[in-house]
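Have a look at the structure below, then the notes.
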Number of protein chains: 4
Amino acid sequence: MSEPLQGDQLKSIVERIERLEEEKKTITDDIKEVYSEAKANGYDVKVLRKVISIRKRDLRERREEEAILDLYLQAVGESA
Amino acid sequence: MSEPLQGDQLKSIVERIERLEEEKKTITDDIKEVYSEAKANGYDVKVLRKVISIRKRDLRERREEEAILDLYLQAVGESA
Amino acid sequence: MSEPLQGDQLKSIVERIERLEEEKKTITDDIKEVYSEAKANGYDVKVLRKVISIRKRDLRERREEEAILDLYLQAVGESA
Amino acid sequence: MSEPLQGDQLKSIVERIERLEEEKKTITDDIKEVYSEAKANGYDVKVLRKVISIRKRDLRERREEEAILDLYLQAVGESA
DNA sequence: AAGGAGCCGTTGCGCC
DNA sequence: GGCGCAACGGCTCCTT
């Protein structure tokens, strides 16, 4: 009798994923909405996107530097 | 005195977007998590992804067909 | 009589692309080779890759900053 | 006095890799260029890509089959 | 309509 | 040999 249960499990997995993807889409749309509002208020969307992306990049870069520092430390025989 | 307000507005916009992007990332991670669990339960992730994508495609096609049907109905003088 | 010519043209396109992809693969293999040599000489490949990627990122970041500067200049009415 | 030499060696490695990656990028761009031209001549790029990928797949499969055949031949005592 | 940017899915690579 | 990660290519949407 495990078959039907497996079927249920699969169904559950698919539904969970689809539900999450819907939520994700909602957020994506929200983001677009914010850009739209910004544009309506006279902001240059292109610049705005650039600002966001650079801030994100900076954050990433900081993490990157930590990561390589860890690697160097390991390379000289220290635990991270 | 509108400058500082604009500054605040810009800051608010950036923060709203960054907050939304964080939420989006959380959901993306949740989705990965579900796939991981599925894999741990013996499901083939690649196939699973295919299933999801086909279902998405089907849904989209169904909506397109409805849209076309609506157009036809309107064309013959019926309200949608 | 344009049909055969078109066939030739298509053939030419496909061959050019396939040739270029072969060259690309050769280079990819060359890169792997360099990493292999480096490893044989005692270098930590993981660290090496990190170094390369950070240098690339830095270069990109510099260009990014120039790009946003240009955007700002445009935003205040100056030509880039 | 091996330190500076090692430094030079590392520098050389990094430069070789970066040089190769530039060449790789050039080729990637060339490929894009060919697709662009094809498009300008009325070809459907998406279909074209499909053609290329199928040919690549076929080539690969043929080689795999030869490899298997070789194994069989060896198994029965023949040299490849 | 064309080009570019961002997102997603696939493939290949290195590690365990 | 399997797993996870990172790079690459392809697709879609948006702007010009």
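Note on naming: letters A, B, ... go to the chains in the order of the sequence lines (proteins, then strands), and numbering restarts at 1 for each one.
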Q: Would you check, one step at a time, whether the test side chain to side chain contact (heavy atoms under 4.5 Å, CB included) holds for D:Leu59 with D:Arg63?
A: CA-CA 6 Å; D:Leu59 177 61; D:Arg63 284 176 179 165; 3.8 Å; yes
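- With the nearest nucleotide of DNA chain E identified for both A:Thr28 and D:Ser36, D:Ser36 has the one nearer the 5' end.
- The residue A:Lys24 sits close only to the backbone: its heavy atoms come under 4.0 Å of sugar-phosphate atoms, none of a base.
- Following rounding to the nearest Å, A:Leu71 (CG) and F:dC5 (C1') show an atom-to-atom distance of 14 Å.
- Contact between C:Tyr43 and D:Leu10 at its shortest, heavy atoms only, is OH-N, 3.5 Å.
- The interatomic distance linking C:Ile31 (CD1) with E:dG14 (P) rounds to 12 Å, in whole Å.
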Q | Derivation of the side chain to side chain contact (heavy atoms under 4.5 Å, CB included) call for C:Val34 and C:Asp30 | A | CA-CA 6 Å; C:Val34 177; C:Asp30 288 347; 5.6 Å; no
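- In this structure, the CD atom of C:Glu64 is 14 Å from the C1' atom of E:dG4, given to the nearest Å.
- The distance from atom NZ of C:Lys56 to atom P of F:dA7 is 7 Å, rounded to the nearest whole Å.
- The CZ atom of D:Arg55 sits 7.0 Å away from the CD atom of C:Glu15 when rounded to the nearest 0.5 Å.
- The NZ-C1' distance, from D:Lys25 to F:dC8, rounds to 13 Å in whole Å.
- Summarising the geometry, the separation between CD on C:Glu33 and C1' on E:dG14 is reported as 17 Å, rounded to the nearest angstrom.
- For the pair A:Ser12 (side chain) and A:Asp8 (backbone), a donor-acceptor distance under 3.5 Å is absent.
- For the pair A:Arg60 CZ and E:dG6 C1', the computed distance is 13 Å after rounding to whole Å.
- The phosphate of E:dG14 (OP1 or OP2) has a side-chain N or O of C:Arg49 nearer than 4.0 angstrom.
- Residue B:Lys39 is classed as a sugar-phosphate contact, given heavy-atom separations below 4.0 Å to backbone atoms only.
- Within the 4.0 angstrom heavy-atom criterion, no nucleotide atom of any strand lies near B:Lys32.
- An OP1 or OP2 oxygen of E:dT10 is reached within less than 4.0 angstrom by no side-chain nitrogen or oxygen of D:Arg57.
- A sub-4.0 Å separation between OP1 or OP2 of F:dG10 and a side-chain N or O of D:Lys46 is absent.
- Rounded to a whole Å, the OH atom of B:Tyr35 is 9 Å from the P atom of E:dT10.
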